[in-house]
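Shown next, in structure tokens, is the structure this report addresses.
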Number of protein chains: 2
Amino acid sequence: MSGSSTSSGDPTSVTTGPGGTSTGSPPSTAAGRVTLPGANLTALRDHNAATVLSLVRAASTGGAAEHADGAGQTTDAAGQTEAVGGTGISRVELARESGLTAQAISKIVQRLTEDGLLAETGRGASTGGKPRTLLSLVPDARWAVGVQLGRDELTVLRADLAGRVMAARHVPIDLAGWGPRPVLDLLGEQVDLLLGALPRDRVLGVGIASPGPLDQRGGVLHDVTGAPSWTGLPLRDEVERRLGLPTLIEKDSTAGVLSALGSPNRAFVHLDRGLGAGLVLGGAVQRGARTNAGEFGHQMLDPTGPRCRCGNAGCVEALWAAAPTPTAAARVLGEAIANLVRLLDLDEIVLGGREVLAAPDLYLTEIRGSLAARLPDPAWQTVTLSVAPSGPDAVALGAAGLVLTRLFG
Amino acid sequence: MSGSSTSSGDPTSVTTGPGGTSTGSPPSTAAGRVTLPGANLTALRDHNAATVLSLVRAASTGGAAEHADGAGQTTDAAGQTEAVGGTGISRVELARESGLTAQAISKIVQRLTEDGLLAETGRGASTGGKPRTLLSLVPDARWAVGVQLGRDELTVLRADLAGRVMAARHVPIDLAGWGPRPVLDLLGEQVDLLLGALPRDRVLGVGIASPGPLDQRGGVLHDVTGAPSWTGLPLRDEVERRLGLPTLIEKDSTAGVLSALGSPNRAFVHLDRGLGAGLVLGGAVQRGARTNAGEFGHQMLDPTGPRCRCGNAGCVEALWAAAPTPTAAARVLGEAIANLVRLLDLDEIVLGGREVLAAPDLYLTEIRGSLAARLPDPAWQTVTLSVAPSGPDAVALGAAGLVLTRLFG
DNA sequence: GCCACTTAATCCACAGTGTTGTTTAACTGG
DNA sequence: CCAGTTAAACAACACTGTGGATTAAGTGGC
């Protein structure tokens, strides 16, 4: 506010010294849990186990493992991954891709096999000597529960390690009208019904997609617009206590970006009531300084545009709502996405949310057009655009994916 | 382009399975070096050493260590960090903040002290028992060289571990006209002059800020607009070979964001010829899918705006260039920054570059105004705005900061 | 002035990680 | 059939952080 600052060394700034990645200190919050930076032997072991599992998963889903070309079954140029009696990845390949020794990989794989997470599923073709033994994930070794707490619907689902939805339940609710208690009771009931007689010790945990931003740390709802009774509720702790399962929480659009594997630099554009985006940048989910990252709907696109509910003029969301035709609405979104792709250098955009699912082809076509027009340079032509394969379950599935982070790192 | 996609499962998409943070596989590139995901005991040790150094640095620079309040000298509410005979941080505090045992911290500190990186610099006040021994960085234990390869100027400087510029040299060049060879010869000469008789084994390495984006991996110049002779040059390897020092490379605006410590969610807005931004999000430097992250100047702000050199209409950069008065130009930038802050939920913006340094107060005032107007909610009022304290050396100092990552993690 | 109490830091034995060197398993090719 | 080659396991080992006991250096009550 004041204009008293001099040209360098502004008093509002506390910065000193150049540096590494970040200040480092405010303990990094991940989905409502605090993680300290030091690593002990247990952390080392878990990290490497997660690395191995992650590599195995990437290999068996056939996606983005080597050169993002995903054929995976036939002989590559380098002569690897030639499957004969099954699918998977061998220990030697794991060693090469992880940077660990073959011996270390053997031990890790042994542990994971004993835990039931991995299994030998075939033999690779010989490369001149003993053929490789192929390893794969056992998808049903563990499950994750995903919950989407929407304004008018509660979704609970169970996903396996391959990220498939094994069962899902949708129940209409009135988040604002009912208030927390009855909704949480219902949530508990529905999760119980969902899990039935399944062994609870194979359920990794519960991921919740909240309808709005969260508090700085700790999984407390920050401010649910139009539902004051929810504001300030320590939702994570509350659900964890009721269900007795490890619980993580994330804003809905942010959860959505975890609904499927993908590029380390991607966005999930969520077009429901509001317009939000979930961001994965540099391989990490982005939450921002106050878990508000991805407020995609309120970037200004046109100073002469209509006034938005946020108070400003020309927001994407307002332009979208005021668009005369669906095509015009999709085009507005396309412009905004082009800005996003260019600013963050993304190479994958996934669309989700009710509005998109109502007219997926329209949105895909228009947004493709906008991207092609506004990013004509060939370097930008590799942007992948798609609608979330999990459709209306994307956000809940992403919440489940949040839990899988416990295994895959 | 085609409209043949169905509502879910678009053919252009290779995604399957929900999931963890990212696909994991394309080996994470950090400033032109490949890092494999597996971690061995050496990596563990280095990580913890970096953690300790980072905590010590945060404590001695007095910034953002505990609650971003940075008083640091007097008694905190919790009764910690009460300095008596010096500044620094004690082993117990390091243990608490890192999550490691006091014993582990003792060993790590011992190693770092033997390496000359840390020193005991005083005693804390007693908290009822034996007073804490305070530790601090030894700033001159190591140095980093930072290079900014500008279009018309070459900057080389030496920074110490506290991030202070110990010596700097500025030489006019003509990047496009001269071509690579003479410029690289000059660069070598200047670094030699800069380092003089200093022991080379205490120079951690060289960081280079390139005038444009880099190739996917490996530190190759991608496309230096207007200087075709530089396109495709493997600059990192070339400089590393000539100087015999570990070399890292980064795009100039991205390097700038490392010129000072700061928030884990911050941007360095670089207003020179073009308009770029360096981004640190979630504590990590963001490079994007093709090292193009931060193309801040080409977000569309006004569909009726003037045509930009990039081919589109209404880009920030074009609007800024066409602004009738300096105030109007600053206001355009303010709008764009407001979009940025909101989209990524940043809490710190640092301004740099020639244009800003020519009229810092104007820019600060106008941008503050834009932020206050467009982000009126109190939750957004905590955004810190400042001009880079290192002024014209910011980008080169950031390049040096890139090298410090080797120590601080 | 003394002594119980408290907190910081170190000493010592130890569990568990990945590594190195060697051996066994399994297939290719002349 | 056997040398050559690659995959994976076995055995001894180095080095990490951990846990428990010990020493160092203050405070405060009497």
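Numbers restart at 1 for each chain; the letters A, B, ... are given by sequence-line order, proteins then strands. Everything quoted here is computed from the prediction, not taken from an experiment.
Under the rule for a salt bridge (Lys or Arg N to Asp or Glu O under 4.0 Å), A:R142 has no partner lying at least two apart in sequence or in another chain. Qualifying salt bridge (Lys or Arg N to Asp or Glu O under 4.0 Å) partners for B:R202, counting only residues two or more places apart in sequence or in other chains: none. B:A50 meets the side chain to side chain contact (heavy atoms under 4.5 Å, CB included) test with no other residue; sequence neighbours excluded. With sequence neighbours excluded, no residue satisfies side-chain hydrogen bond (donor to acceptor under 3.5 Å, both in side chains) with A:R45. Remark: A:D140 pairs with A:W143 by the side-chain hydrogen bond (donor to acceptor under 3.5 Å, both in side chains) rule, at least two apart or across chains. The side-chain hydrogen bond (donor to acceptor under 3.5 Å, both in side chains) test applied to A:T133 returns no partner, not counting sequence neighbours. Residues satisfying the side-chain hydrogen bond (donor to acceptor under 3.5 Å, both in side chains) criterion with B:T247, sequence neighbours excluded, are absent altogether.
Taking the 5' to 3' direction, DNA chain D first and last meets chain B under 4.0 angstrom from a heavy atom at D:dC15 to D:dT27.
Using a cutoff of 4.0 Å between basic side-chain nitrogens and carboxylate oxygens, A:E120 and A:R132 are not scored as salt-bridged.
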What does the list of N/O pairs under 3.5 Å between the protein and nucleotides 17-22 of chain C look like, with a distance for each?
unit_1, atom_1, unit_2, atom_2, d
C:dT17, OP1, A:R45, NE, 2.7
C:dG18, OP1, A:N48, ND2, 3.1
C:dG18, N7, A:K107, NZ, 3.1
C:dT19, OP1, A:T101, OG1, 3.3
C:dT19, OP2, A:T101, N, 3.1
C:dT19, OP2, A:T101, OG1, 2.1
C:dT19, O5', A:T101, OG1, 3.2
C:dT19, O4, A:K107, NZ, 3.4

Report all interatomic pairs (protein N or O, nucleotide N or O of nucleotides 28-30 of chain C) with separations under 3.5 Å.
none

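Of the side-chain N and O atoms in B:R91, none sit less than 4.0 angstrom from OP1 or OP2 of C:dA8.
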Residues 98-116 of chain B, side-chain donor-acceptor partners within the protein, below 3.5 Å, at least two apart:
unit_1, atom_1, unit_2, atom_2, d
B:S98, OG, B:L94, O, 2.7
B:S98, OG, B:A95, O, 3.4
B:S98, OG, B:L100, N, 3.1
B:T113, OG1, B:V109, O, 2.6

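Look at CD on B:E93: it is 13 Å from C1' on C:dT7, rounded to the nearest Å.
B:L137 contributes atom CG, which lies 5.0 Å from atom CZ of B:F408 (distance to the nearest 0.5 angstrom).
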